[in-house]
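Structure record follows, encoded as structure tokens.
Note that ligands are numbered from 1 as they come in the structure, with each ligand's atoms numbered from 1 the same way.
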Amino acid sequence: MENIRDNLALVLGRIAAAAQRCGRSPADIRLVAVAKTHPAEAVRAALEAGAAIIGENYIQEARAKFEALIHCPAQWHFIGHLQSNKAKYAVRLFQLIHTVDSLGLGEELDRQAHKAGKVQEILIQVNISRETTKSGVSTAQAMALARDLAQLPNIKVKGLMTMPPYFDDPVRARPYFADLRHLRDDIRALAIPKIDMLELSMGMTGDFEAAIEEGATLVRVGTAIFGGRS
Ligand SMILES: *Cc1c(COP(=O)(O)O)cnc(C)c1O
């Protein structure tokens, strides 16, 4: 687990350097350490080394790790595909759900958040590249979904999330990141009441620096911190 500490320090250094290169404050970019398939002890090592936010893709797996690490201060974010029948658990475990892509899921989260006595913070997942294999609403649908989600009293929309196609050269992902930023700015210009539209969750191990240069506020990095997944 020693290399998790070193890896985390390297990633944080690269985030700070990328921010400085484009005149942003490193404090405006938060790292989500993506721990899917890695054991609770790896997550503990990351938290002890200074990670503040853990990202998980699967509810079952997250629940087990959350229980094991209940005494470790951490924010947990959900970044996987969420089925409505798991919304209850998602609301209990996660501060931020990055992957809301339908009004139906938003309504179920709203119901469960009401029961749990919380306001659930969410991001709208946008399929910027329109790949059929990816979840997320289209750019055109995102505005309407933002308006509809804003009506739900126990949901708070904080921004947008995307996953561009994989490229060997991260420079090629930049136009997709720029598109998400433009969409964020367009939705923000609508000044929909009760919507923040500040966060841009984009960038993974292969392309987080490019994402930062295009305005990412949350980068989701797994492999560079925890190593490869089997
Ligand atoms: C797994 C995953 C990541 C992290 O990917 P790495 O390439 O390992 O950094 C980020 N975002 C989402 C949605 C993921 O599923």
Side-chain angles (χ1 to χ4, degrees), residues 1 3-15 18 29-40 42-43 45-47 49 51-62 65 74-83 86 90 93-102 105 121-137 142 158-174 176-177 179-180 199-230:
M1 302 286 159
N3 51 343
I4 290 179
R5 176 174 292 272
D6 295 346
N7 292 347
L8 184 71
L10 280 173
V11 168
L12 289 171
R14 286 171 61 190
I15 290 172
I29 298 137
R30 293 187 293 157
L31 171 65
V32 180
V34 175
K36 61 169 174 268
T37 77
H38 295 287
V43 176
L47 291 171
I53 306 173
I54 302 301
E56 290 285 354
N57 288 64
Y58 308 104
I59 296 286
Q60 292 280 89
E61 186 187 331
K65 285 184 234 178
Q75 264 200 46
W76 296 73
H77 287 191
F78 190 75
I79 64 167
H81 180 67
L82 185 60
Q83 290 162 314
K86 302 270 174 66
L93 294 176
F94 297 103
Q95 267 86 16
L96 182 65
I97 297 171
H98 291 224
T99 49
V100 175
D101 64 357
S102 74
L105 176 58
E121 298 188 340
I122 62 164
L123 306 179
I124 295 173
Q125 182 174 0
V126 185
N127 187 357
I128 289 280
S129 58
R130 298 163 161 270
E131 288 167 284
T132 52
T133 52
K134 290 217 168 111
S135 308
V137 294
K158 303 288 285 183
L160 304 177
M161 177 273 206
T162 201
M163 273 175 97
Y166 176 81
F167 297 108
D168 285 329
D169 180 0
V171 168
R172 295 183 59 200
R174 278 188 71 154
Y176 298 92
F177 296 142
D179 281 353
L180 194 73
E199 304 286 356
L200 284 178
S201 168
M202 55 192 198
M204 314 186 356
T205 289
D207 56 17
F208 69 86
E209 285 143 319
I212 289 167
E213 287 167 19
E214 294 296 346
T217 64
L218 289 159
V219 290
R220 310 178 309 266
V221 179
T223 307
I225 297 169
F226 294 106
R229 293 179 289 269
S230 47

Ring pair (Phe, Tyr, Trp, His ring centres under 6.0 Å) partners for Phe226, two or more places apart: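 Phe226 satisfies ring pair (Phe, Tyr, Trp, His ring centres under 6.0 Å) with His38 once adjacent residues are dropped.
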
query = Is there a side-chain contact between Glu56 and Phe94 (heavy atoms, below 4.5 Å)?
reply = yes

Protein N/O near ligand 1 N/O, under 3.5 Å, which pairs?
from, atom 1, to, atom 2, distance (Å)
ligand 1, 8 (O), Thr223, N, 2.8
ligand 1, 8 (O), Thr223, OG1, 2.5
ligand 1, 8 (O), Arg229, NH1, 2.8
ligand 1, 8 (O), Arg229, NH2, 3.2
ligand 1, 9 (O), Thr205, N, 3.0
ligand 1, 9 (O), Thr205, OG1, 2.5
ligand 1, 9 (O), Gly222, N, 2.8
ligand 1, 11 (N), Arg220, NE, 2.8
ligand 1, 15 (O), Lys36, NZ, 2.7
ligand 1, 15 (O), Asn57, ND2, 2.8

Result for side-chain hydrogen bond (donor to acceptor under 3.5 Å, both in side chains) between Ser201 and one of His98, Lys158, His77 points to His98

Just jot down the side-chain contact (heavy atoms from CB on, under 4.5 Å) partners of Arg30, sequence neighbours excluded, or say none.
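In terms of side-chain contact (heavy atoms from CB on, under 4.5 Å), with neighbours along the sequence ignored, Arg30 is linked to Ile53, Gln75, Glu199, Leu218.
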
Which of Asp101, Thr99, Asn127 passes side-chain contact (heavy atoms from CB on, under 4.5 Å) with Ser135? It is Asp101

Exercise for the section: Sequence neighbours left out, what passes side chain to side chain donor-acceptor pair (under 3.5 Å) with Lys134? Give chain and number order. Expected result: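 If we apply the side chain to side chain donor-acceptor pair (under 3.5 Å) test to Lys134, skipping adjacent residues, the hits are Glu131.
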
